[in-house]
Amino acid sequence: PPAPEPAAPETAAPESEAPPGTADDAHVDRALAEYARLRDPDGDRHLEAVKAAIFLEDVFHVVLREEQIDPDLLGTAEGMRAVLAQAGRTA
């Protein structure tokens with residue numbers, strides 16, 4: 001008789017019921033906490049703002065306007081949340 005097929009690997013249940021392309025509060029919290037560990041506190045403020053903008057665009061699929069790539073805005077988790085809120089993402 002033919003050998004039984006191996007069982008499919010188990011996949012984790014989704015952590016959120018949010019539709020793809022949106023972010024729930026827990027996802028935002030985790031992502032911003034991870035980003036905080038990557039930040040260079042002694043780095044150039046403008047370069048850090050560009051890094052933060054790229055991070056938000058990659059992780060949350062938002063497109064930031066030039067005026068949003070501001071060290072005063074993207075220099076804090078609260079500012080990053082505000083940018084996500086402006087982009088229509090849950091933050």
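Keep in mind that what you see is a predicted model, and the values were worked out from it rather than measured.
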J.: Please list all pairs passing the ring-ring contact (aromatic ring centres under 6.0 Å, His included) test where one or both residues lie in residues 65-84, with sequence neighbours left out.
T.: none

J.: Calculate, to the nearest 0.5 Å, the distance between atoms CG and CZ belonging to D25 and R30 respectively.
T.: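 So the gap between those two atoms works out to 10.5 Å.
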
J.: Grab the two heavy atoms, one from Q68 and one from V83, that are nearest each other, plus how far apart they are.
T.: NE2-CG1, 4.1 Å

J.: With the threshold set at 4.0 Å, does a side-chain nitrogen-carboxylate oxygen contact exist between R45 and E48?
T.: no

J.: Please answer: with hydrophobic residues joined when any side-chain heavy atoms are less than 4.5 Å apart, are I54 and L38 in the same cluster?
T.: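 Linked within one cluster.
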
J.: Between NZ of K51 and CD1 of I69, what distance do you get to the nearest 0.5 Å?
T.: 14.5 Å

J.: Considering only heavy atoms from C-beta outward, does the side chain of L74 approach that of L56 to under 4.5 Å?
T.: yes

J.: Kindly state each residue pair satisfying ring-ring contact (aromatic ring centres under 6.0 Å, His included) with at least one member in residues 30-51, sequence neighbours excluded.
T.: Y35-F55

J.: Enumerate the ring-ring contact (aromatic ring centres under 6.0 Å, His included) contacts for residues 62-86, please, sequence neighbours excluded, ordered by first and then second residue.
T.: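 Non-adjacent pairs meeting ring-ring contact (aromatic ring centres under 6.0 Å, His included): zero.
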
J.: Around E66, counting heavy atoms of other residues, nucleotides and ligands shown, do more than 12 lie under 6.0 Å from its CD?
T.: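 No, CD of E66 has 12 or fewer neighbouring heavy atoms, counting only those of other groups under 6.0 Å.
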
J.: Stepwise, does the side-chain contact (heavy atoms from CB on, under 4.5 Å) test hold for T76 with R81?
T.: CA-CA 9 Å; T76 65; R81 285 179 188 281; over 6 Å; no

J.: Can you tell me how far the CG atom of L73 sits from the CG atom of L64, to the nearest 0.5 Å?
T.: 8.5 Å

J.: Looking only at non-hydrogen atoms, find the nearest pair between V62 and E57 and report the distance.
T.: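 Taking V62 first and E57 second, the nearest heavy atoms are O-CG, 2.9 Å.
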
